[in-house]
Amino acid sequence: MKAPIDYLLHLADNALVLGQRNAEWCGHGPILEEDLALANNSLDLIGQARLLYQHAAELINSNASLAQRFAHLQGARQDGRVTEDTLAYFRDTAEFRNHTLMELPHHGPLVGYAVSERDYAVTIARNFLVSALMVLMWDSLRASKDEQLAAIAAKSLKEVRYHLQHAGDWLVRFGDGTEESHRRAQNAIDLLLPYCEAFWHPGPAESAAAQDGTGVDILSLREHWNALVNETLAEATLTRHDQPHPGYIAQGHTGIHSEHLGFLLAEMQSLARAHPTAVW
Amino acid sequence: MNAPALKEWPLWEVFVRSKQGLEHKHCGSLHASDARHALQMARDVYTRRQEGVSIWVVPSTAITASEPDSKDSFFDPAADKIYRHPTFYEIPDKVGHM
């Protein structure tokens, strides 16, 4: 049994887009050890994305109506067949199914083309909030009826457990640190938590996957996620201000993105698009 | 939030065990704010290429080292005492590798 294609793309895009974001720190980390830690984190996420895209590509290639739906993607095909690179490098913004949270820049709210210094507190807060979810997701997905997805989940769970420990540790150090680190951590949490509300509003593909047993009923993880988040925030002396939720619920996972994703994809995809037959 | 922020992180020595049954070997050092932090950084810096199955971190200040200046008195006297090497024994074949 195979998970719905849009569910696989949702999981893959989440991993790829956050991996690409975090990779921005490569060579710019606050200290050498963190530079390496973030590069490791990115490579884990991009590795997960690759496995998921490969799985998705097989599914597309073996199904006539899916092949038709993705026929407009001509880049990086092999013998006419869709590859992982076709999906990563040749889809446009509206075809990405990642949560909006993943694509936000490493600083406070600014328009998409604005440049600001990256704030490590934003990086850490996002990695923490996402890893807390993915630890629960991958744990449940090990029982997916899609065997390949279950295998990917088992591998990814180990990686994301470390991501959670790493980000959780830093969040506590920031929150329970100096006045400045506390303020920046609190601002980051206040900025990002409202985007997490989207986790609990699954799109059609997530609901279909939960129904047929290839995916997770995401709402069943909500209480556990809240407990994980609240526990660490309390230790970090940080406060939640997202309840009740203030309003707009981000819809990246249904293809409606913030202005930031286009800039991220432009940078990530430009090389593959400029040199479609390049090999590296 | 009462303790002042550390301006300089203390230095830690990192020891990695490459395989079960082998000893931990010194592989380098790093700066970190406390032991847990040091362990996490050691994981990211020194075991990225599957170098290890276990890590120790030790505050560098906890290590008492011999003085380079006392090298002569510490080590040279051993130079002419070759009888301390176990090379004067006949080892029976049956014993195999020792």
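Note on naming: letters A, B, ... go to the chains in the order of the sequence lines (proteins, then strands), and numbering restarts at 1 for each one.
Within 6.0 Å of CD in E117(A) there are 12 or fewer heavy atoms belonging to other residues, nucleotides or ligands. For K81(B), the NZ atom sits in a packed shell: over 12 heavy atoms of surrounding residues, nucleotides or ligands are nearer than 6.0 Å. More than 12 heavy atoms of other residues, nucleotides or ligands lie within 6.0 Å of CZ in F199(A), so this atom counts as buried by the packing criterion.
Near-neighbour residues of residues 49-79 of chain B relative to chain A, defined by a heavy atom under 4.5 Å from a heavy atom of that chain, are none. Contacts of residues 28-50 of chain A with chain B at a heavy-atom distance below 4.5 Å involve I31(A), E33(A), E34(A), L36(A), A37(A), N40(A), listed in sequence order.
Note: D44(B) leads V45(B), D44(B), L30(B) in heavy-atom pairs under 4.5 Å with chain A.
Y46(B) pairs by the ring pair (Phe, Tyr, Trp, His ring centres under 6.0 Å) definition with nothing, not counting sequence neighbours. Every residue two or more places apart in sequence or in another chain that forms a ring pair (Phe, Tyr, Trp, His ring centres under 6.0 Å) with F174(A) is listed here: W170(A).
The NE2 atom of H37(B) lies 5.0 Å from the CZ atom of R173(A); values are rounded to the nearest 0.5 Å.
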